[in-house]
Structures are given as structure tokens and as C-alpha cells.
Trainee: 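The following block contains the structure, expressed as C-alpha cells.
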Amino acid sequence: MAIALSESSTVPTAANDAAGSTVPQLFARALTTWSGRTALREKTKGIWRSVTWQEYGEHVRWVGLGLAALGLKPGERVAILANNGVEWVEADIGAIGAGGVSVGIYVTSVARQVAYIVNDAAARFIFVEDEEQLDKMLEVRADTPSIEKIIVFDMEGLREFRDPQVLSFAELLALGREQDTKHPERWAQLNAIPRPDDLAVLIYTSGTTGPPKGAMISHRNIVYQMTHVTDAYPVNDTDNHLSFLPACHVFERLFGVWLSIGHGMVVNFAEDGETVPENLREVQPTIFAAVPRVWEKFYSSITLAVRDASALQRWAYKLALAVAYRAADAELAGKQPNVGLRLARWVAYWTVLRTVRQMIGIDRCRTCLSSAAPISPELLRWFRALGINMVEGYGMTEATGGITINPFDRYRLGSVGKALPESEVRVSRDGEILVRGPHIFMGYLNKPDRTAEALKDGWLHTGDVGSIDADGYVKITDRLKDIIITAGGKNITPSEIENELKFSPYISDAVVIGDGRKFLSCLVMIDADNVARFAQDNAIPFTNYASLTQAPEVVALIQREIDAVNKKFARVESIRSFRLIDRLLTPEDEELTPTLKLKRAFVNKRYGDLIESMYRAA
Amino acid sequence: MALLEIRNIETYYGPVAAIRGVSLDVEEGKIVTLLGGNGAGKTTLLRTISGIVDPQKGTVAFAGAMIQGADPDAIVLKGIAHVPEGREVFPFLSVRDNLRMGAYTRRDPDGVAKDLELVFGYFPILRERAELAASQLSGGQQQMLAIGRAVMARPKLMLLDEPSLGLSPLLVKQIFGIVQRINREQGVSVLLVEQNARMALQVADFGYVLELGRIVMENTAAKLMESEDVSEAYLGNKQQGVRGERRWRRKKQWR
């Protein structure tokens, strides 16, 4: 197979002419294309450190050769239990380059969950971030017989630790390096092993019911996404990406790891979840792909900052936004705003909106993307008004990421856009969205029955209900199994209501309940920071999180927010009762997905008593 | 109504918020402890109560009267005595004069003389060294002097800032024992800031955990002692890992 090398590096079409090739081949091409340029950046001890493609490539090669020397055979699985970082991607691409299959495990998993995935995948090697993650593995090693070696990235605190099953990442690199000198031809041979339709990665999806399922993703799947998702989310080697969502998730894997290999953008790893706002301002990325929760957070931080601003500033913001909304709405309607409006928007940008964009850290962004969960159209409209080139995508792990994308210039609010090239989307008789194309996964590992449910005659059954208009624009209504049928027989799509609720700066997430019930109710997870600030501003005493959720004024605040949302919906869709979740949930909690959304099924079960109390009281 | 009721206090050092919205109560006759790491805002909170710094927002009610923003001497008169971190005794004054300084605002010489005897009763070593300059006392004795000086003000509430700092375990035990006695016998309520969480929770009735200027946990001392987060972060109880040792810390969830 010919590998095209683009010498003109201004806009390398890299992945675009590589259909049919494999991840190791694309990676090899990336190395020749961008060799001395920066590939990755990581902040260590307060300083951003750059890794060139050449260094990245060397480590990947040594990881791969090291694993092969330790006995990794083609097709065997290698797990990674670590936070995003340089070593993470080196281990990932190294394992795949050696013909292996890479399996990411969330660091928030407990030992028992780690053991489940290791066993399900029959992983032979596992990379662990540090002492903490190592301990999880050691705790379950008697139950994970497939594991040959555990490789530790960060040996801090483990200098005295000796164990025949454990080695450091540095030791693995040294081993690979030795192999490289002895057999310089070996790496290319290993790289040539995987075929496009071979398994490349396993992505475990957190099932809301039952154990996680390992979605089998082939090289072809990955190369397809690398090539086509950029039609509406263009990326090139002058771009900077900030990586902070877990790389185990298909979203970050695609928009971070894979797109960088295909298109040469720089991946900057955020230090951790709490430093994202600062890291964002430091890195000033030029492209930004994130889940709705992140966009919601940006919006609420600005809304509250404006509330605290001087009267003049508030007035200026309101005025600038009004102008910007008018211009954005005109564009959305397919019209060119008139000269006066364009001029007014220009003034609004330079006086106010630019500052807002800088406060968030997205002023340099050429394109932004929201996907992986439903987002409120109102929120997208706000970002458009700021002049952000915001696209919305729809996708899922089983389609290796993107299914449809809503392009900026032909954007339709309320839709998730059109199917990616070379793929088809249709609606089944019972309203379910079906997808076919080169991005559809190979099935779930060890779960033929679940695979059969998801894949029928080559069509992926997404489990989402929606519609497609005459121009091919897809609209998603909700998850099929989430649709609520009330006791009165009314069909209600909870996510529409939930999205409106989340638009409130005080509501972080909400789950609407009402299946088989007389009326709708909801459980609300408050935004701790913003509600604490509200309490402070209004002299409402509270101590910890629980007491904050119990303050009558806070309950009244959320009631007002819910009342405002109720006005936008029909009477049967009103939320008549609600409760606040009184525990501060973290990603370690089973109630939340890795992208920090409440898991509906789990919440329904865990808070069953609380839910019943709402219906008893009524 | 609690003796001390703090509501929504925010205190800044310049642009830096040290206390970001704290509400807490000290019930009459109780010992309440405030735990937290370095920079959590514990000392700032005590300084805010005693009027050394003024809060930007929020209220401090003592025995029903608002005292936030009042001058420190007025607050002492109302019945709050502050035992600062690092003792801060007057080094060149004698022990006796140091104790008398504690009663500076009082106008009842008979009562003062009686209380001097009371303090000497609690801390016999201070009587022995009454005429020595305070700088000649050992660290533990200076701590006793600082507490004694506070008792001399006949407070209703004593604010104790890290009394165990730099003292031997035996001395710490002794001093905490006396604090407990003063609390019981004199009915003085105590708000105790401590790094030595084990000791503090042993003597306290109730506790709050402060982190980055906010309260993350509150409960009875006994319940706090059982909490995994407090146990690991403040009591130094390491869970035994499979390797026997464990250096990393579990992420705190405060529940």
C-alpha cells in the first residue's frame, strides 16, 4: 500500500489520502512529515515541556519493541490505567504499533472494575500511572492471571519496591532501545502486521445497566474518523488542542490522539481536572472539542461574572450580546446581516465579546465542537453570538466517534447535522436512528448477544430516537429507552427538559422522572460553586455541601429555575416536584459517567426512596 | 441560640480570599474544634472573630450581639479571649504581670486576684515561676501562660490557636486536660484550632473541617473520628495496601 507523504507542510492532507491504511502506518507517516516539530506538551513542575514527533516516535518504538521482547504477540491486549499524558499516548500507540490492541481504563475505577476489564480483555500487559494505580492492580493480581507484567509510568515512592511482575516505564524503554539497536528492521516488520480490518483498540463503555462492554474498534474505523470528522472540524499542524477529557473515552481519543496523528496538531495535556480553566488560558488552543458539560460551565462562569460586574459593564454586555444575537440569528436564518448590524457586531466584539472569549480562553479558537451528549440549542446560540465557530456533532463509541456533524456555515439549530461522507443514516420504522458505514465497530468483545442487538444487517442500532429532514439533517429526540410514558399515556422526551434545566448556572445536571407516573418530577445536582456563591451573596448560612442543598432559599432558587423552564413546555411536561441530591458527586462515584453526567438508570435506583417521596407527598 | 454564631463570613488579605463563606456555631459550654490543613483559613477565622481582621462579608453574633468589625478590645470586653498561635507572651514582663495583662480590661481587683489564684491552681508551675520573665519559660510553660492570661479575662469563649505547636506529646496531653477542666469547671466555651486532630477530636464535642476557606464537613467529634477522610488526612491513619505501605492519599470526598 502506498503511503503518500505530503512535503508541503502548510496544510498537510495527511490522513485524507490514507484511507485503508493502519494506525502504525499513519503514525510512521506523521513522524516523517513533522519529525522535528512539537507533537505533545505536558506541564511538569510548572513548566510546559515539549515533545517533538521524533522523540514521541522513538518512545513509541521502544515501548512497542519492549513489549514484543517481553512476549506480546499480535492481537494481544495491553491495558492502560493512567491519566492522559505523554506516557499514555506513547504506551497506546506503542502497543498498537507492535500489533497489539490498546485498552484504556479510567483511573477513577476501583480495583474490582479494573480486574473486570483486564479479564474481559484478557490483557497481557498493563501500564499503570503511579503507586496509587499500581496498588489497585496488585490488589487484584491473584484474580487477573492473564497479566504478564505491570509497567509503572511514575516510580515516585516505589524506589525500594521490587517485584518480579513489575517494571518501570524507563526500564521498558531501555529494553526496547536495546532491541532497536540489535534488530533495527524489527519495528517496521511489527508495524506491518495489523491489517485495516484488525482490532486496534477496545473502548469500554460504562453500561448504565450491567458490566461495561468492550467495543471493538478496527484500524479502518479509526482511519475513517481521522479522515472525515475533519470535514466540519478542520484541523492542521498549526493547531493546538487541550487534552483534559479522559483518553479512555472515544471522544478524547478521536479529537486528541487520533486527529493529532492524522493532522499534526499539538496535543497539550492539562495537569488535572481542576486546572483546566488555567491551562486553557495558558495554552490558548486554536481548536476545542468538548462535551456539553464543559460548555455549560463556561457559560455559567461568564453569566455569574457579569452579575458581579459594575452596572456599566452589565449594560455593555447586554447591549453587545443583543447585537451579536441579532447578527447570529440572521446568519442562522441563512441571511447576510446588513452593513449596520455587521458594523455594530464589530464594535461589540472589540469592546466586550473579545474579553468574554479571552476570559474563557477560547479567543484564538478557529473551530469549537460539542458532542457526546445533548446540548441546549440556546447555549449553542450564545457561543455563536460570541462569534465562536461552533459545530455540534452526534456520535457514539460504537461508531468510533462521529456519526453526524453540523457544519458551521450550513448550520441548523436544533439538528446534529448530516451524516459523515461515505456513511448512511436512516430512521427505522419505530423511529430509531440507524447508521451504516466504515466507522461502525466490529462488535462487543465476548458479548455476541449484545453485538447482535446493536448490529443488524450491517446497520448500527443507535438506541436514539429521531428524524431526518429532506436535506439529510438529523434531529435526535432522545434515547429510546429514556422516553417517558406517563400514567396518562403521554410520551415525553426528558433530555429536552433536562437540557433547559442545565442551562441554569445553578443546575449542573438533572434527571427527569415520570415513567408510569401521574406527573413529572426531577432530581437536581446543583452547581456547588455557583450555588455557594448565591448563598454567600444572599447571606444564607450553610456549612458543607449537604447543608447547602438543604437551605430553604436554595431550594426556592432551584424552584424558580424550574418554574422558568416549565414555562417553555406544555403543561404535561411541567416538573411538579423535585429534590436536590445532597452529596457532592465526583467521577469516582457510580452515579456519574466519566464525562460527569448523571446516569439515569443508576440514579433512579440509588435515589429510589427520594423519588418515591416526591410522589407520596403529592 | 448558640453562644457564637458565624454566618457567611468572607475574609480577604488584599485580593486573596482566605475565608470564602463560612458559617458555624459554638454552643454554650462546648468545645468545638476546627480542623484543616495549612492555609485552610483556620487562623484567619479566629482573627476575624476576635476583631484583628475585619470580614468583607458576613456576620459574627456573640451572645446575641453582632460583633463583626468591632475593635479587638471591645470584643475582649464582651467575653472572647484569643490565645494566639505561637503563644505571644510579653517576653520581658514577669509571669505574674503577663497574667495581669490578661485582666487589663477588668475593673474588679478582687475578682482579678481570685482568678490569679485560679490560674495558679490550674498551672502550679506558673506560681513557682511567677516572678521570672516570661521569656525564661519553656515552650510548654509559655503556652500555659498564654492560656492562663486568657482565663484572666474571664471569658465566656476562648479561642485557642494550635496550643500543641512545638510541644512534647506528654505536655500536649497535660495542656489539653487542663483546657478540658477549664471548660467544665468554669463553663468557658472553647473554639479550638488544631493540627493535632487526634488530640483535638478527643477533647472536643463537635468539629468542623475547613478546606480552602470553606467548610467541607461538620459533625460530632466522635463521628468525625470515624470518617475515612478525616482518619486518613488528619489522623494519619494509613490504610494498609497490598504492599504493606501506602504513600499516596485517597481523594477526599468529605462525606
Side-chain angles (χ1 to χ4, degrees), chain A residues 107-108 110-111 128-143 150 152 154-163 165-166 272-274 528-529 531-548 551 553 581-589 591-592, chain B residues 2 5-12 17 19-25 32 34-36 45 55-61 66 68 206-219 223-224 227-230 232 238-255:
Chain A
V107 286
T108 49
V110 298
V128 296
E129 176 154 340
D130 51 13
E131 197 188 357
E132 177 177 0
Q133 305 300 339
L134 173 66
D135 279 358
K136 286 184 195 167
M137 222 19 244
L138 294 178
E139 200 181 316
V140 293
R141 79 163 139 190
D143 313 322
I150 303 168
V152 187
D154 179 1
M155 290 295 282
E156 203 187 322
L158 293 168
R159 210 178 308 157
E160 306 296 316
F161 178 70
R162 293 283 173 275
D163 187 295
Q165 207 185 358
V166 180
D272 65 53
E274 275 146 42
D529 286 344
V531 173
R533 200 147 137 199
F534 165 84
Q536 272 308 108
D537 291 346
N538 294 282
I540 301 156
F542 68 97
T543 53
N544 54 7
Y545 186 85
S547 89
L548 188 59
E553 295 91 340
I581 293 176
D582 69 353
R583 297 199 319 161
L584 180 58
L585 298 174
T586 62
E588 278 79 5
D589 289 306
E591 284 96 324
L592 291 186
Chain B
E5 292 184 351
I6 296 176
R7 293 293 174 265
N8 301 88
I9 283 290
E10 281 180 32
T11 304
Y12 286 75
I19 309 276
R20 303 188 303 144
V22 164
S23 301
L24 63 79
D25 288 347
V32 174
L34 199 56
L35 306 177
L45 189 64
Q56 189 127 331
K57 239 185 220 170
T59 59
V60 180
M66 296 296 174
Q68 74 277 2
F206 201 85
Y208 293 91
V209 180
L210 200 62
E211 199 154 89
L212 291 175
R214 280 224 176 107
I215 288 173
V216 289
M217 239 182 163
E218 58 167 320
N219 218 326
K223 279 270 183 327
L224 283 182
S227 141
E228 238 180 286
D229 285 320
V230 170
E232 211 180 303
K238 295 252 160 160
Q239 283 185 357
Q240 287 284 309
V242 267
R243 291 180 292 111
E245 78 219 54
R246 203 182 82 175
R247 194 185 51 88
W248 53 276
R249 280 194 175 164
R250 215 178 102 262
K251 214 167 137 192
K252 286 171 281 193
Q253 296 178 303
W254 305 123
R255 53 174 81 131

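Chain letters run A, B, ... following the sequence lines, proteins first, then strands; residues in each count from 1.
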Trainee: Measure across Pro541(A) and Ser23(B) and return the closest heavy-atom pair with its distance rounded to 0.1 Å.
Mentor: CA-OG, 3.5 Å

Trainee: Sequence neighbours left out, what passes side chain to side chain donor-acceptor pair (under 3.5 Å) with Glu591(A)? Give chain and number order.
Mentor: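 Glu591(A): side chain to side chain donor-acceptor pair (under 3.5 Å) contacts with Arg583(A), Arg606(A), Tyr607(A).
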
Trainee: Specify the closest pair of heavy atoms between Asn544(A) and Val216(B), including all atoms of both residues, with the distance to one decimal.
Mentor: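 Where Asn544(A) meets Val216(B) most closely, the heavy atoms are CB-O, 3.4 Å.
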
Trainee: So, do Glu218(B) and Ser547(A) sit near enough that their side-chain heavy atoms are less than 4.5 Å apart?
Mentor: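 In contact.
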
Trainee: Can you tell which part of Ile6(B) gets under 4.5 Å to a heavy atom of chain A, answering side chain, backbone, both or neither?
Mentor: neither

Trainee: To the nearest 0.5 Å, tell me how far Arg533(A) CZ sits from Arg20(B) CZ.
Mentor: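 Atom-to-atom, Arg533(A):CZ and Arg20(B):CZ are 11.0 Å apart.
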
Trainee: Please report the interatomic distance NZ(Lys57(B)) to CD(Gln536(A)), rounded to the nearest 0.5 Å.
Mentor: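 Between Lys57(B) NZ and Gln536(A) CD, I get 6.0 Å after rounding to 0.5 Å.
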
Trainee: Set out, in order, the CA-CA distance, both residues' side-chain angles and the distance that settles side chain to side chain contact (heavy atoms under 4.5 Å, CB included) for Thr543(A) and Met217(B), then state yes or no.
Mentor: CA-CA 7 Å; Thr543(A) 53; Met217(B) 239 182 163; over 6 Å; no

Trainee: Checking Asp130(A) against chain B: side chain, backbone, both or neither under 4.5 Å from a heavy atom?
Mentor: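 The answer is neither part of Asp130(A).
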
Trainee: Between atom CG of Asp529(A) and atom CZ of Arg214(B), what is the distance when rounded to the nearest 0.5 Å?
Mentor: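 If we round to the nearest 0.5 Å, Asp529(A):CG and Arg214(B):CZ are 6.0 Å apart.
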
Trainee: Output the distance between atom CZ (Phe542(A)) and atom CD1 (Ile215(B)), rounded to the nearest 0.5 Å.
Mentor: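 Those atoms lie 8.5 Å apart.
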
